[in-house]
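Quick notes on the structure that follows.
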Number of protein chains: 2
Amino acid sequence: MAEKQGDLQIGEVAQRTGVTQRTLRFYEEKGLLRPPSRMDGGFRLYSEEDVKRVQHIRRLQDLLGVSLADIKEMVDADEVLRELRSQYRPESAITEKRKQLQKATDVTKAQFAIVKQKTEQMREMETQLEERLKLFARWKQELDELEKKAAPSRG
Amino acid sequence: MAEKQGDLQIGEVAQRTGVTQRTLRFYEEKGLLRPPSRMDGGFRLYSEEDVKRVQHIRRLQDLLGVSLADIKEMVDADEVLRELRSQYRPESAITEKRKQLQKATDVTKAQFAIVKQKTEQMREMETQLEERLKLFARWKQELDELEKKAAPSRG
DNA sequence: TCCAACCTTGACGTTGGCGTAAGGTGTACC
DNA sequence: GGTACACCTTACGCCAACGTCAAGGTTGGA
């Protein structure tokens with residue numbers, strides 16, 4: 001198997017996502033990334049989808065600050081989503097589908113709750129910091145004027 | 001020195017803040033909390049201020065997900081703020097004050113930048129998740145209707 | 001055919017943020 | 001002054017999330 005058009009080796013993926021190759025292998029090991037296809041010699045071949053996935057994982061890490069285990073749960077829900085998208089499937093599996101959909105919904109709702117709560121608190125913090133900056137600005141003003149009075153332009 | 005009115009032992013602080021005693025000592029060790037006063041026997045005595053400080057640290061940890069080293073920088077800025085509040089001080093120290101104020105302002109601005117960026121991204125994620133939930137809801141509808149047609153009330 | 005650049009799988013190392021156990025001391029209350 | 005409980009320091013332990021070799025195989029071009 002030669003390198004298929006559009007596929008990426010691990011080095012390129014690392015560059016484009018800003019993580020190390022070690023991290024990519026680590027994510028694979030932990031089940032956060034599906035094992036990619038390989039070249040004949042064993043080199044990993046990633047797709048654009050994989051790149052997006054990595055970026056998604058990083059966003060979750062950075063923004064939510066949750067563990068990779070939790071993130072795995074979340075991206076697994078993504079996988080379910082993709083699977084469900086391939087509608088054409090045995091009708092017998094409809095109960096299964098329903099279960100998967102339920103699971104995905106639950107996970108997403110949980111995630112949504114976290115995000116909502118955090119945005120809320122972040123906004124609070126944002127205004128607090130804003131207030132503080134204003135306060136600092138006023139103090140600086142006062143300092144400036146104090147200095148002007150203490151040592152009026154002696155030039 | 002008996003236990004002063006209004007002061008708290010480490011156990012109470014732990015309970016009220018939801019962290020362990022170990023964590024409180026650890027924060028002290030790392031300079032995130034000023035060494036509290038002590039009873040004659042060596043028991044730590046915390047103030048209400050300390051409690052607030054711990055809660056603040058935890059919020060920073062949880063929301064921003066930054067290292068304790070970074071948080072130290074931030075809460076040190078708080079300390080500067082408190083010091084600057086005691087205005088009555090030798091005039092000779094005005095240059096020093098200015099420097100401290102500058103530093104505090106810088107740190108606060110940096111923090112503000114982080115918070116702002118994160119809130120932004122969080123809001124994006126929020127809407128994404130909302131969309132996804134809607135999609136899931138629609139799919140569930142479809143599944144329901146599909147089932148109704150496949151097996152119409154056979155009672 | 002040969003080489004440089006790229007990749008592979010182990011396997012051990014590191015850092016942050018605490019947990020936990022040991023062995024001893026303080027405090028409060030009867 | 002005994003006892004039950006809260007606290008003290010010291011020090012080793014632990015887990016997540018990678019970092020960092022080491023020793024070798026693959027690829028693609030000259």
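A note on names: the letters A, B, ... follow the listed sequences, proteins ahead of strands, and every chain is numbered from 1. These numbers come from a predicted model, not from an experiment.
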[N] [atom2] sits how many Å from [X] [atom1], rounded?
X	N	atom1	atom2	value
A/Ile10	C/dT9	CD1	C1'	12 Å
B/Phe43	D/dC5	CZ	P	14 Å
A/Met39	C/dT8	CE	P	9 Å
B/Leu32	C/dC18	CG	C1'	13 Å
B/Arg25	D/dA11	CZ	P	15 Å
B/Glu12	C/dT27	CD	C1'	14 Å
B/Leu24	D/dC7	CG	C1'	13 Å
A/Phe26	D/dA16	CZ	C1'	7 Å

Test log, rule salt bridge (Lys or Arg N to Asp or Glu O under 4.0 Å), inputs A/Glu28 and A/Arg44: CA-CA 11 Å; A/Glu28 182 184 337; A/Arg44 286 174 177 78; 2.8 Å; yes

Kindly compute the distance separating OG1 (A/Thr17) from CD (A/Gln55), expressed to the nearest 0.5 Å.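 One gets 7.0 Å once the value is rounded to the nearest 0.5 Å.
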
Point-to-point distance, once rounded to the nearest 0.5 Å, from CG of A/Asp76 to CD1 of A/Ile71: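 Spacing of CG (A/Asp76) from CD1 (A/Ile71) equals 11.5 Å.
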
DNA chain C contacts among residues 49-62 of chain B, heavy-atom distance under 4.0 Å: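 Those residues are B/Arg58, B/Gln61.
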
Atom pairs under 3.5 Å: protein N/O with N/O of nucleotides 20-24 of chain C:
unit_1	atom_1	unit_2	atom_2	d
C/dT20	O4	B/Arg22	NE	3.0

Contact under 4.0 Å: [X] side-chain N or O vs [N] OP1/OP2:
X	N	value
B/Thr23	C/dG17	no
A/Thr20	D/dC18	no
B/Tyr27	C/dC18	yes
B/Gln9	D/dA6	no

Does this structure show an ion pair linking [X] with [Y], if we count only N-O contacts that are shorter than 4.0 Å?
X	Y	result
A/Asp78	A/Arg53	no
B/Glu48	B/Arg16	yes
A/Arg98	B/Asp144	yes
A/Lys97	B/Glu142	no
A/Glu73	A/Lys103	yes

Look at atom CD of B/Gln15 and say whether more than 12 heavy atoms of other residues, nucleotides or ligands are closer to it than 6.0 Å.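 Atom CD in B/Gln15 is not packed in, count stays at 12 or less.
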
Restricting to non-hydrogen atoms, name the atom on B/Met74 and the atom on B/Val107 that form the minimum distance, rounded to 0.1 Å.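 Minimum heavy-atom separation between B/Met74 and B/Val107: CA-CG1, 4.0 Å.
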
Is there a donor-acceptor pair under 3.5 Å between the side chain of A/Asp50 and the backbone N or O of A/Ser47?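 Yes: the side chain of A/Asp50 pairs with the backbone of A/Ser47.
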
Given 3.5 Å as the limit, does a donor-acceptor pair link the side chain of B/Thr23 with the main chain of B/Val19, or not?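 Not at all, since once roles are kept as given, no pair shorter than 3.5 Å links the two residues.
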
What contact category does A/Arg44 fall into here, base, sugar-phosphate, or nothing, at under 4.0 angstrom with non-hydrogen atoms?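 Here A/Arg44 touches the backbone only, sparing every base.
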
Both B/Gly42 and A/Gln21 contact DNA chain C. Which one's nearest nucleotide lies toward the 5' end?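 Counting from the 5' end, the first nearest nucleotide belongs to A/Gln21.
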
For DNA chain D, which residues of residues 68-76 of chain A approach it to below 4.0 angstrom with any heavy atom?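 Of all residues in residues 68-76 of chain A, the ones placing a heavy atom under 4.0 Å from DNA chain D are A/Leu68.
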
